[in-house]
Number of protein chains: 2
Amino acid sequence: MATPLPSIVAVAKKAGVSVATASRVMSSSTYPVSEATREKVLQAAQELHYTPNSLARSLKAQHSKLLAVLVGDNADPYFAQVARGVEEIANEHGYLTIMCNTERDPIRERTYLNTLQDYRADGIIITGSGYNHTDYTDDLNAIVQKIQQRGGAVVTLSPHVIQAPSIQTDNVGGAREITAYLLSLGHRSIAFVSGPEDVTVSDQRQQGYQQAMEAAGIAIHPTWLIQGDFTQSGGERAAYQLTQLAERPSAVFACNDETAFGLMNGLQQQGWRIPQDISLCGFGDLPMAKMVVPSLTTVHIALRELGQKGAQKILALLKEPQEPTEEILPNTIIKRNSTIPFTEH
Amino acid sequence: MATPLPSIVAVAKKAGVSVATASRVMSSSTYPVSEATREKVLQAAQELHYTPNSLARSLKAQHSKLLAVLVGDNADPYFAQVARGVEEIANEHGYLTIMCNTERDPIRERTYLNTLQDYRADGIIITGSGYNHTDYTDDLNAIVQKIQQRGGAVVTLSPHVIQAPSIQTDNVGGAREITAYLLSLGHRSIAFVSGPEDVTVSDQRQQGYQQAMEAAGIAIHPTWLIQGDFTQSGGERAAYQLTQLAERPSAVFACNDETAFGLMNGLQQQGWRIPQDISLCGFGDLPMAKMVVPSLTTVHIALRELGQKGAQKILALLKEPQEPTEEILPNTIIKRNSTIPFTEH
DNA sequence: TTGTAGGCGTTATCAT
DNA sequence: ATGATAACGCCTACAA
């Protein structure tokens, strides 16, 4: 049933040459081979439907041409875009892309990292930020170090306990700017809905929010800080909390778009009109952001580009290892219809 | 700089045993090894931070534990969900998932299939339907055959020129049902916006639409058939065409949700109200479908489950090859607010 | 229970 | 220009 593929030995035999010669023409090495023999080998390979075995090649060459991307969930539009960018560059350069869903679980991250090490993946891109602190910090860094030692490259695309070269969007800056935008519209009571506790990106965006508020000389009322979890249902729960407040804020800043969508749904179901009753903005600018009604004011992140840059960084690292660097990419505020100037009512 | 990882030889040496013994304990084979030596080996492996080389293991074992999923675009929510299901099952069973974006281009499909063959991928799941006919049909089937011959498994999750076991959602039936639903609401002039020309899923859904119309004894006016391309912007162009018609249909059925979203945008921008001026429905039930305003009536496909079933099928095929089968999964109509009963006006 | 040796498919080194 | 051979890291008959 399962008939094994012909090896280069078969090709050599059929062409009447040595395996060395056959290998030289098949691997398109620069080694000189006479035109006549080259033809013979090519011919034989053709007839045999020869397919080089990348596994064997990788074993010998000590690199796999395998590139992995660790994401929280590849079905989340945020990660999907990033992964797309990674695959694009990987494919252009003859690398295969392995997709790993970690669900932000450090244990799953560790398991995948180990497996990837087993497969001798040349590069690993980690996104889907981790927590500020976890019991697995040392574990994770140990395995990353081993990967780097054997010549593999690791890059993170979001703040993470893992110490590796990193490329990130400007979370603090973006949050600061969009908060400043709300302030410029006259809002002074601005709520913030965070992500899961201790998740680094959420914390960074909260910092930006706080910086802007502080700069405007506004004390943040404790009730303005609401916990979410990056999901729509988390946003809906936050909406409920908002509506229970004695004094309603005039604006809310959700730390990511999904949360904002949940807020939008939840608030509207409670009879609040957006933006008339409350202005709303998010962070990320998912494709959905311009489809919802009202369209969402948010911080645009060039997600696909982020993935591309990550992959390019890996490729560069593979060529010549360099000191860990951190690159911060700018982002831009997209003003849409979910925010309007503050009015008394 | 790049220091190679210790091999099993190093472990054996350190433990003072033969490589065979070391291998036996590391590969957790059933072969009997005394408890004492097992300990020694484990100890040595631990100290050396030994990591088995999956590449070498795969080469020897003649299977890679690599599973690939070919999609049109992993950032498309439709494919993203399917891929998620695949990765889930793959991971559970110790397989790694390779993500391949084909952009529905047969040439890219072919290239990826070849590369995957080179890597001796154990299983390949193809989704992102192909065209009804392409110059590459033979090419594609030839390589698929080779993959199967060497023991690899291939499964398609949408109609495709590639001949392989297949699991699909009921495109014809779903389209027939949702069209029947529109008819039951009293609509008689129903437009259909297709996907790209010659793409099989689109054709199947059009068939379902035609069947329902025929069963209702309604002749389809040529102007009701509008060409789209599965994208939002295609939907917007279709919207423009619709508004140019002398007699406006009272309902439109878009062959996928993305197209429906585009129609929604486009029509609303032309001042048409949905569903008052025209009822609208889609196919797929993407997460966005319930977020847009009005929420979209559509055919729900269990996308993630489709991916899971595809992966499970691969696993089954790997255990024991069987004759190509075609499994059709049912889907259900989700009635939301983008459709209302027909009224004169 | 343990060890020896050959082979999985390539490529690179060293001869010829 | 071509060929023989070792080696990449692992597993598994086959022996002991």
Side-chain angles (χ1 to χ4, degrees), chain A residues 2-42 44-45 48-66 117-122 150-151, chain B residues 2-42 44-45 48-66 117-122 150-151:
Chain A
T3 50
L5 258 23
S7 76
I8 199 154
V9 183
V11 175
K13 194 167 292 174
K14 174 137 192 154
V17 299
S18 73
V19 284
T21 308
S23 170
R24 292 199 259 259
V25 0
M26 294 319 298
S27 64
S28 48
S29 93
T30 57
Y31 205 92
V33 175
S34 84
E35 204 43 48
T37 40
R38 156 166 275 113
E39 281 305 323
K40 278 194 299 184
V41 174
L42 254 19
L48 256 31
H49 297 295
Y50 169 70
T51 313
N53 186 322
S54 295
L55 262 17
R57 192 173 273 179
S58 294
L59 176 59
K60 174 73 183 176
Q62 301 286 28
H63 63 249
S64 59
K65 289 278 191 170
L66 253 27
Q117 169 78 312
D118 292 351
Y119 274 87
R120 304 302 189 258
D122 290 340
R150 69 128 225 272
Chain B
T3 49
L5 259 24
S7 76
I8 197 153
V9 183
V11 176
K13 195 168 291 171
K14 175 138 193 155
V17 299
S18 71
V19 284
T21 308
S23 169
R24 292 200 259 260
V25 0
M26 294 320 296
S27 64
S28 49
S29 91
T30 58
Y31 205 94
V33 175
S34 83
E35 204 43 49
T37 39
R38 153 166 278 112
E39 280 306 324
K40 277 194 300 184
V41 175
L42 254 19
L48 256 30
H49 297 296
Y50 170 69
T51 313
N53 185 322
S54 295
L55 261 18
R57 191 173 273 181
S58 295
L59 178 59
K60 173 73 186 176
Q62 301 285 26
H63 63 248
S64 58
K65 288 276 190 172
L66 252 27
Q117 169 78 313
D118 293 351
Y119 274 88
R120 304 301 189 259
D122 290 339
R150 70 129 225 270

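Sequence lines set the chain letters: A, B, ... in the order given, protein chains first and strands last, and positions in each chain run from 1.
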Taking all atoms of both residues into account, what is the closest heavy-atom pair of B:S34 and B:T37, and its distance?
OG-OG1, 2.7 Å
Can you name the closest pair of heavy atoms from A:V11 and A:A45 and give their distance?
CG1-N, 4.0 Å
Among [options], the one nearest [X] by side-chain distance:
{"X": "B:A56", "options": "D:dC10, C:dT4, C:dG9", "value": "D:dC10"}
{"X": "B:S34", "options": "D:dG9, C:dT1, C:dT11", "value": "C:dT1"}
{"X": "A:S18", "options": "C:dT2, D:dG3, D:dG9", "value": "D:dG3"}
{"X": "A:R57", "options": "D:dG3, C:dG9, C:dT10", "value": "C:dT10"}

Toward the 5' end of DNA chain D, by each residue's nearest nucleotide, A:T21 or B:S7
A:T21
Base, sugar-phosphate alone, or nothing: which one does [X] contact when heavy atoms must sit under 4.0 Å apart?
{"X": "A:S23", "result": "base"}
{"X": "A:T51", "result": "sugar-phosphate"}
{"X": "A:P52", "result": "sugar-phosphate"}
{"X": "B:T37", "result": "sugar-phosphate"}
{"X": "A:S29", "result": "nothing"}

side-chain N/O B:Y50 vs D:dC10 OP1/OP2, d < 4.0 Å:
yes
For D:dG9 and A:Q62 - does any side-chain N or O of the residue sit under 4.0 Å from the phosphate oxygens OP1/OP2?
yes
B:L5 side chain reached by A:Q117 side chain, heavy atoms, under 4.5 Å
yes
Checking only heavy atoms, does the side chain of [X] share a donor-acceptor pair with the base of [N] at less than 3.5 Å?
{"X": "A:Y31", "N": "C:dT13", "answer": "no"}
{"X": "A:K60", "N": "C:dA12", "answer": "no"}
{"X": "B:R120", "N": "C:dG9", "answer": "no"}

Stepwise side chain to side chain contact (heavy atoms under 4.5 Å, CB included) check, A:R120 with A:L66
CA-CA 8 Å; A:R120 304 302 189 258; A:L66 253 27; over 6 Å; no
Whole angstroms only, please: what is the CZ-C1' distance between B:R24 and C:dT4?
10 Å
Heavy-atom donor-acceptor pair, A:S23 side chain to A:V19 backbone, under 3.5 Å:
no
